[in-house]
Amino acid sequence: VYLYVLFNKSIKKEKNMKNKIKDILNKIFSNKIVIWVLIGIGLTFFCDILNQRSFIEAFVRVFTKPLNFIFNSLIVMCTISLAGLFKKRKFAMILLCLPWVTLSVGNFIVQCFRNTPVSFNDFTVLFSVFSVFNNYLGIFEIILIIVAISAIIAGLIILYRKEKVVNRLIKYSLFTFAIAISSIFIFRVPFIKIGSLSDDYSNLTIAYEEYGLPYCFVMSVVDRGIDE
């Protein structure tokens with residue numbers, strides 16, 4: 001009887017412990033900022049997979065270059081944290097994630113035809129590139145791209161119409177954005193000094209591989225040339 005009572009007590013303790021852990025996890029994962037951080041990390045990892053052209057290399061980089069990965073995640077966070085400003089939050093989140101996904105996929109495809117990765121300069125001459133598309137892509141590939149773009153637009157329209165309106169999370173959104181952008185400005189120079197980042201873009205291919213797509217692409221927007 002004594003052993004039976006002890007056994008029941010131990011089972012109850014285990015159940016209580018499991019319930020406490022579940023409650024803690026539910027509180028953590030119900031927090032919008034935590035969800036945005038996890039989405040930012042996941043999206044950065046996705047960018048790394050396509051940029052490195054290898055899941056294993058991208059996974060290893062998380063541990064061998066953690067500061068670099070965190071910095072790239074902060075850049076991504078600056079965009080996706082703005083989803084809280086909109087009443088249709090899921091639609092806004094997908095719309096804000098889409099540029100990073102498109103950029104990563106586009107960079108992956110472009111590097112199949114050339115060694116240099118995509119930078120902001122490519123977008124400045126985008127319309128002139130359309131005239132030579134047929135030199136790089138066949139009719140079938142062009143049709144696939146058109147179908148994919150049409151499907152994405154249709155999906156976004158359907159999501160926008162079906163999604164319910166929710167309350168804006170302006171304080172959460174601005175707080176997360178402020179933390180991310182301030183961290184970028186605070187840590188960029190120290191990270192450059194210790195070698196986690198660089199301000200040398202003489203070789204874009206090496207820079208993208210070493211420092212990540214989000215950071216290098218943003219710097220191609222900010223740093224457009226040599227100062228006078």
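Predicted, not measured: the structure shown is a model, and the values here were computed from it. When a residue number appears, it is its place in the shown sequence, counting from 1.
Every pair passing side-chain hydrogen bond (donor to acceptor under 3.5 Å, both in side chains) that includes a residue from residues 60-71 is listed here, sequence neighbours excluded: Arg61-Asn68, Lys65-Glu210, Asn68-Asn72. Identified under the side-chain hydrogen bond (donor to acceptor under 3.5 Å, both in side chains) test for residues 167-184, with sequence neighbours left out: none. Sequence neighbours left out, the pairs with a member in residues 96-106 that pass side-chain hydrogen bond (donor to acceptor under 3.5 Å, both in side chains) are Thr79-Trp100. The stretch residues 80-93 participates, sequence neighbours left out, in no side-chain hydrogen bond (donor to acceptor under 3.5 Å, both in side chains) pair at all.
For Asn107 (side chain) and Val118 (main-chain N/O), a donor-acceptor pair under 3.5 Å exists by modelled atom type. With hydrogens and angles ignored, the 3.5 Å screen pairs a side-chain donor or acceptor of Gln52 with a backbone N or O of Glu209. Formation of a donor-acceptor pair under 3.5 Å by the Tyr215 side chain with backbone atoms of Phe69 is not found in this model. Side chain of Thr205 to main chain of Asn115: a donor-acceptor pair is present (N/O by atom type, distance under 3.5 Å, no hydrogens or angles). A distance-only check finds no donor-acceptor pair linking the side chain of Tyr211 to the backbone of Ile206 [under 3.5 Å].
To the nearest 0.5 Å, atom OG of residue Ser73 and atom CD1 of residue Ile41 are 5.5 Å apart. Note that CD1 of Ile181 is 4.0 Å distant from SG of Cys78, once rounded to the nearest 0.5 Å. The CZ atom of Phe187 sits 9.5 Å away from the CZ atom of Phe71 when rounded to the nearest 0.5 Å. To the nearest 0.5 Å, atom OH of residue Tyr208 and atom OG1 of residue Thr116 are 10.0 Å apart. To the nearest 0.5 Å, atom CD1 of residue Ile70 and atom CD1 of residue Ile75 are 12.5 Å apart. For the atom pair CD1 (Ile186) and CG (Leu74), the distance works out to 10.5 Å, reported to the nearest 0.5 Å.
Residues Ser198 and Ile192 approach most closely at N-CG1, 4.1 Å, considering heavy atoms.
In this view, Phe46 satisfies the ring pair (Phe, Tyr, Trp, His ring centres under 6.0 Å) rule with no residue, not counting sequence neighbours.
Cluster membership check: Phe191 shares its hydrophobic cluster with Val222, using side-chain heavy-atom separations under 4.5 Å among Ile, Leu, Val, Met, Phe, Trp and Tyr. Residues Val189 and Ile194 do not share a hydrophobic cluster, clusters being chains of Ile/Leu/Val/Met/Phe/Trp/Tyr side chains in contact below 4.5 Å.
Summarising the hydrophobic clusters (Ile, Leu, Val, Met, Phe, Trp, Tyr; side-chain heavy atoms under 4.5 Å, direct or chained), the residues clustered with Phe91 are Ile94, Leu95, Leu98, Ile152, Leu156, Leu159, Tyr160.
Between Phe55 and Phe59, the two ring planes are parallel [angle under 30°; tilted spans 30° to 60°].
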